Novice: 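Here you go, one structure.
Residue numbering restarts at 1 for every chain, and letters A, B, ... go by the order of the sequence lines. Only a predicted model underlies this, so the values are computations on that prediction, with no experimental measurement involved.
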Amino acid sequence: MKLAGKKDMLIIGAALAVCIVAALVLLGPSGSMVRVYVGEELYEEASLYMDRTIVIEQSDGCRNEVRIEKGRVYMAFSTCENQNCVNQGEMTPDNIASRALSNWIICLPNRVTVELGEE
Amino acid sequence: MNTRSIARFGLLTAMALMLGYFERFIPIAPGIPGIKLGLANTVLLYAVYLMDAKSAWLLMCAKVLLSGFLFAGLSGMLYSFAGGVLSLAVMLLLHRAKDMGTIGVSAGGAVCHNIGQITVACMVVQSRAVLSYLPVLMISAVITGVLTGVIAKYAIEGLVKAGFGKE
């Protein structure tokens, strides 16, 4: 039984190449506009430099709270079970290059996404 | 199916379920769903190498269904099923290639597992935001896929020596 050969390296190389291309394509220009979406629809737009809490309430009982505070934005509360969105932490224009999800906070179960983008 | 293969099938299903359950307690990247060690995939790799395709498909479906009912919930089941179908199809294909090692089969399967999951996420959320999962999930799939590929090679060889080889 073989562990690895040239073909294995080819597969790993191809996967890493797709990875780098995807990262380069996705790394958009940073900005200071917070956009909250439910599904594909824009729910609310706000400046990163005006402190406020955006509450997203949906008819099926899902509720999310996006907090904008001192130039940072994060998911402060979510009714979802896995709490991934809350654990994704805060976004600032400076940290999106090093964040795993770049300029997005994503709550998959509630279909809520938060983007930090251009004006 | 004779008694021996039924017993072996049950053992493999239990092992896949257990590995899938325990790796939930090893958080690699909090906040990012889908990043996990994929230890259960070593069991599936065993099936790919030493059993026929039909048994491998049956094992994957049993694992997804049972772990869905026991741990992951219905929506989790949907994600694992999409990932499982795509990854198993690719692993069955890759392992037929000449000179392909367990690392290539395993990493290819892991990457496709995550692609399947992202596809479901795209359909559920309908937002381009979901694409931002792609780079981080694929990097993690390559790393964990290589690791499980190494584990699978030595585990399978050990099992063959112990008399659990091809029937």
Side-chain angles (χ1 to χ4, degrees), chain A residues 1-28 35-43 74-75 80-90 96 99-117, chain B residues 27 29-35 49-50 72-73 75-76 79 90 94-95 97-112 114-115 117-118 120-121 124-143 145-146 149-150 152-154 156-157 160:
Chain A
M1 209 169 174
K2 199 169 175 160
L3 185 63
K6 271 185 192 160
K7 281 187 182 168
D8 302 69
M9 296 306 147
L10 201 69
I11 287 182
I12 292 168
L16 292 179
V18 171
C19 216
I20 291 166
V21 170
L24 288 176
V25 169
L26 291 167
L27 202 67
R35 289 187 189 86
V36 179
Y37 300 86
V38 176
E40 56 192 344
E41 266 171 52
L42 184 64
Y43 184 89
Y74 57 93
M75 189 71 79
C80 68
E81 203 181 317
N82 59 35
Q83 297 291 301
N84 281 328
C85 52
V86 176
N87 292 328
Q88 281 160 20
E90 57 183 42
I96 58 172
R99 279 182 89 245
L101 291 181
S102 178
N103 59 332
W104 290 95
I105 293 171
I106 304 174
C107 182
L108 279 179
N110 293 1
R111 301 172 62 241
V112 172
T113 52
V114 183
E115 180 189 25
L116 188 58
Chain B
I32 318 282
I35 296 191
Y49 276 94
L50 297 178
S75 70
Y79 285 97
V90 165
L94 286 180
H95 107 103
K98 263 188 191 162
D99 296 326
M100 181 68 80
T102 50
I103 283 183
V105 178
S106 170
V111 166
C112 288
N114 284 346
I115 289 176
Q117 288 179 313
I118 291 174
V120 172
V124 171
V125 181
Q126 295 188 328
S127 159
R128 67 200 154 92
V130 174
L131 289 176
S132 61
Y133 281 123
L134 198 68
V136 58
L137 280 187
M138 279 184 74
I139 288 253
S140 89
V142 168
I143 296 168
V146 168
V150 175
K153 178 188 188 285
Y154 294 106
I156 293 171
E157 281 178 352
V160 170

Novice: What distance separates B/Q126 CD from A/R111 CZ, expressed to the nearest 0.5 Å?
Specialist: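 Reported value, rounded in 0.5 Å steps: 6.0 Å.
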Novice: Is there side-chain contact between B/P33 and A/L108, with at least one heavy-atom pair below 4.5 Å?
Specialist: yes
Novice: Among A/V114, A/I11, A/L101, A/N110, which has the most heavy-atom pairs under 4.5 Å with chain B?
Specialist: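 If we count pairs closer than 4.5 Å to chain B, A/L101 comes out on top.
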Novice: What distance do B/I32 atom CD1 and A/I106 atom CD1 have between them, rounded to the nearest 0.5 Å?
Specialist: 8.0 Å
Novice: Which atoms of B/V160 are under 4.5 Å from chain A, going by heavy atoms: the side chain, the backbone, both sets, or neither?
Specialist: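 It is neither, since no heavy atom gets under 4.5 Å.
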Novice: So what's closer than 4.5 Å to chain A heavy atoms on B/S75: side chain, backbone, both or neither?
Specialist: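 Neither; nothing under 4.5 Å.
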Novice: If you look at every heavy atom in A/K7 and B/K98, which pair is closest and at what distance?
Specialist: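 Closest heavy-atom pair between A/K7 and B/K98: NZ-O, 2.8 Å.
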Novice: Considering only heavy atoms, which portion of B/V136 lies under 4.5 Å from any heavy atom of chain A: side chain, backbone, both, or neither?
Specialist: side chain
Novice: Counting C-beta onward and ignoring hydrogens, is there a side-chain heavy-atom pair between B/D99 and A/K6 closer than 4.5 Å?
Specialist: no
Novice: For each of B/G104, B/S127, B/A129, tally heavy-atom pairs with chain A at distances under 4.5 Å, and name the one with the top tally.
Specialist: B/A129
Novice: Highest number of heavy-atom pairs under 4.5 Å with chain A: which of B/I139, B/V111, B/L137?
Specialist: B/I139
Novice: Go through the atoms of A/E115 and report whether side chain, backbone, both or neither lie under 4.5 Å from a heavy atom of chain B.
Specialist: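 Contact with chain B is through the side chain of A/E115 alone.
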Novice: Which of the residues A/P109, A/G5, A/A100 is involved in the greatest number of heavy-atom pairs with chain B at under 4.5 angstrom?
Specialist: A/A100
Novice: In terms of heavy-atom pairs under 4.5 Å with chain B, which of A/V112, A/I105, A/N84 leads?
Specialist: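 Counting heavy-atom pairs under 4.5 Å, the top option is A/N84.
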Novice: Given the options A/L3, A/N87, A/V86, which has more heavy-atom pairs under 4.5 Å with chain B than any of the others?
Specialist: A/L3
Novice: Taking all non-hydrogen atoms of both residues into account, name the closest pair between A/Q88 and B/G31 and its distance.
Specialist: NE2-O, 2.8 Å
Novice: Just give me the residue among B/A121, B/P30, B/P135 that pairs up with chain A most often, heavy atom to heavy atom, under 4.5 Å.
Specialist: B/P135
Novice: Which of the residues A/L16, A/L10, A/D8 is involved in the greatest number of heavy-atom pairs with chain B at under 4.5 angstrom?
Specialist: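 Looking at each of A/L16, A/L10, A/D8 in turn, A/D8 comes out on top.
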Novice: Looking at CD1 of B/I103 and NZ of A/K2, how far apart are the two atoms once the value is rounded to the nearest 0.5 Å?
Specialist: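 It is 11.0 Å, given to the nearest 0.5 Å.
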Novice: How close do B/M138 and A/A15 get, counting heavy atoms only, and between which atoms?
Specialist: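 So the two residues come closest at CE-O, 3.6 Å.
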Novice: Side chain, backbone, both or neither: which part of B/V124 has a non-hydrogen atom closer than 4.5 Å to chain A?
Specialist: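 Contact with chain A involves both backbone and side-chain atoms of B/V124.
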Novice: Is B/E157 atom CD crowded by more than 12 heavy atoms from other residues, nucleotides or ligands, each under 6.0 Å away?
Specialist: yes
